[in-house]
Colleague: 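Structure below; questions to follow.
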Protein chains: 2
Amino acid sequence: MPRVSDEHLAARRQQILDAARVCFSRDGFHATSMQDVIAEAGLSVGAVYRYFKSKQELVMSIAMQVLSSADDVFAEIMSHDPPLPLADAVDRALEFVDRQTEPDGVFRIAIQVWSEALRDPELAAFVRARYTQFRGYYAAIARRAQEVGELPPDADIDAVGAALFGLIPAYALQRILADGPDRKTYAAAVRTLLMR
Amino acid sequence: MPRVSDEHLAARRQQILDAARVCFSRDGFHATSMQDVIAEAGLSVGAVYRYFKSKQELVMSIAMQVLSSADDVFAEIMSHDPPLPLADAVDRALEFVDRQTEPDGVFRIAIQVWSEALRDPELAAFVRARYTQFRGYYAAIARRAQEVGELPPDADIDAVGAALFGLIPAYALQRILADGPDRKTYAAAVRTLLMR
DNA sequence: GTGTCAAGAACGAACATTCGTTTTACACTG
DNA sequence: CAGTGTAAAACGAATGTTCGTTCTTGACAC
């Protein structure tokens with residue numbers, strides 16, 4: 001189909017991305033061949049290579065989609081005024097994690113992205129930027145918690161933000177790899193630790 | 001060289017494992033070819049395949065070494081009587097993490113193991129067992145903290161253990177992928193959160 | 001000689017990617 | 001509104017490389 005609408009092109013591109021996501025989530029970046037993606041998309045080799053010039057570009061695109069998928073959640077958490085108590089702010093993120101640790105969720109791909117970022121500087125830069133941003137959200141929450149007296153005046157806000165943020169991927173990791181406690185139990189534990 | 005001592009055989013095996021570790025840490029499991037390992041070990045194809053019947057077996061062996069490397073640290077933490085305060089127990093583990101997030105440390109490989117475990121049931125079972133055990137250590141620490149009144153009597157000990165344990169890989173992840181705070185800062189933040 | 005160990009050539013499968021060809025949608029012509 | 005040209009889009013066989021693994025061969029200790 002030549003001379004085709006922009007919508008058509010965008011749809012095709014998304015069709016390939018969707019297929020890649022299915023394959024990557026199921027088999028991982030490395031065990032997925034381009035043939036697998038091509039078959040899943042129901043297209044031809046040439047078609048896929050028209051939209052993505054290499055497998056690496058496909059991986060990068062999926063990684064960016066995956067790492068960006070948490071933006072809305074963090075934005076929602078940040079939007080509260082007065083700010084959410086710390087434990088609640090963590091709990092909101094845990095809800096997201098709970099949804100996304102399912103077989104089709106983003107975390108199975110996110111773990112692979114971490115692994116890939118060890119070798120791919122472009123990906124590493126992206127991961128670094130994103131996670132720094134997320135941590136910043138939690139630092140902002142911590143700052144507001146400090147303002148309402150939930151944290152002591154001399155607390156290192158950025159560090160507290162880092163620790164709070166860390167609880168999120170930590171929960172995901174345990175859910176996926178180590179039969180961790182369910183969300184409510186984990187959230188209750190966080191509450192216990194924060195109780196003062 | 002036929003008829004060789006057991007020490008020789010064990011040394012050869014370790015020689016291969018050391019080479020594999022260097023390669024895996026530098027290039028990752030998938031970007032490392034058997035040829036790379038063979039060259040790094042300074043051996044021949046036949047020699048390596050005498051000691052490991054497949055690449056997967058090599059990966060599995062390295063993964064087991066890496067996931068077991070934290071045992072001593074946890075044992076040390078557990079050995080204190082009276083038990084360490086919670087924040088100190090976390091800080092001990094952070095020291096280990098600090099050492100092991102260096103380029104030659106175990107965490108660069110551990111992240112890959114997580115990724116690989118998503119696809120390899122044998123590896124997944126091993127990871128699950130190990131991390132469940134580590135979590136158990138922290139639950140034990142939490143229990144003793146409860147006994148001395150550092151935690152409320154109705155706290156869910158296993159869950160608190162999970163949350164505390166989670167802080168460890170969370171710190172590692174941030175150090176490696178996201179310019180996280182240094183150990184002292186992070187530990188201070190944990191202390192702030194636990195302060196009561 | 002016999003058994004053990006190492007060497008490295010050789011093998012087949014699978015891989016990402018290229019490229020020449022075919023198909024298709026649309027613009028333009030009369 | 002037919003007919004036609006054309007360039008974009010899709011196709012898929014073919015390419016060359018690299019991979020993990022096997023196999024044959026030889027060396028040396030006993």
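Reminder, nothing fancy here: chain letters follow the sequence lines and each chain counts from 1.
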Colleague: Give a yes-or-no answer on whether the side chains of B:Gln133 and B:Arg130 include a donor-acceptor pair shorter than 3.5 Å.
Modeller: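 Indeed, the side chains of B:Gln133 and B:Arg130 share at least one donor-acceptor pair under 3.5 Å.
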
Colleague: In whole Å, I'd like the distance from the CG atom of A:Asp36 to the C1' atom of C:dA16.
Modeller: 12 Å

Colleague: Taking the minimum atom-to-atom distance to the side chain of B:Tyr51, which one of D:dC19, D:dA10, C:dC5 wins?
Modeller: C:dC5

Colleague: Taking the minimum atom-to-atom distance to the side chain of B:Arg50, which one of C:dA16, C:dC5, D:dT21 wins?
Modeller: C:dC5

Colleague: Does the side chain of A:Glu116 come under 3.5 Å of the side chain of A:His30 through a donor N or O and an acceptor N or O?
Modeller: yes

Colleague: Using atom CG of B:Asp27 as one end and atom P of D:dT18 as the other, report the distance to the nearest whole Å.
Modeller: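 Spelled out: CG on B:Asp27 to P on D:dT18 is 15 Å.
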
Colleague: With side chains defined as the heavy atoms from C-beta onward, is the minimum distance between B:Arg175 and B:Asp98 less than 4.5 Å?
Modeller: yes

Colleague: What is the distance from CG of B:Leu58 to P of D:dG20, rounded to the nearest Å?
Modeller: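 Those two atoms, CG and P, are 10 Å apart.
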
Colleague: Considering only side-chain heavy atoms of B:Val45, which listed nucleotide, D:dA10, D:dT21, C:dA6, is closest?
Modeller: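 My answer, after comparing the listed nucleotides, is D:dT21.
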
Colleague: Picking from D:dT21, D:dC11, C:dT17, which would you name as closest to the side chain of A:Leu43?
Modeller: D:dC11

Colleague: Rounded to whole angstroms, how far apart are OH on A:Tyr49 and P on C:dT17?
Modeller: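 Result: 4 Å.
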
Colleague: Does A:Ser44 make a side-chain N or O approach to OP1 or OP2 of D:dA10 shorter than 4.0 Å?
Modeller: no

Colleague: In this structure, how many angstroms lie between the P atom of C:dT17 and the CD1 atom of A:Ile16, rounded?
Modeller: 14 Å

Colleague: Can you tell me how far P of D:dT21 sits from CZ of B:Phe52, to the nearest Å?
Modeller: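 The distance from CZ of B:Phe52 to P of D:dT21 comes to 13 Å, rounded to the nearest Å.
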
Colleague: Expressed in angstrom and rounded to an integer, what is the separation of A:Lys55 atom NZ from C:dA16 atom P?
Modeller: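 Answer to the nearest Å: 4 Å.
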
Colleague: Determine, step by step, whether A:Asp27 and B:Arg119 satisfy the salt bridge (Lys or Arg N to Asp or Glu O under 4.0 Å) criterion, reporting the C-alpha distance in whole Å, the side-chain angles of both residues, the deciding distance to 0.1 Å, and the verdict.
Modeller: CA-CA 7 Å; A:Asp27 303 322; B:Arg119 245 124 254 127; 5.8 Å; no

Colleague: Could you state the NE2-P distance from A:His30 to D:dG20, rounded to the nearest angstrom?
Modeller: 13 Å

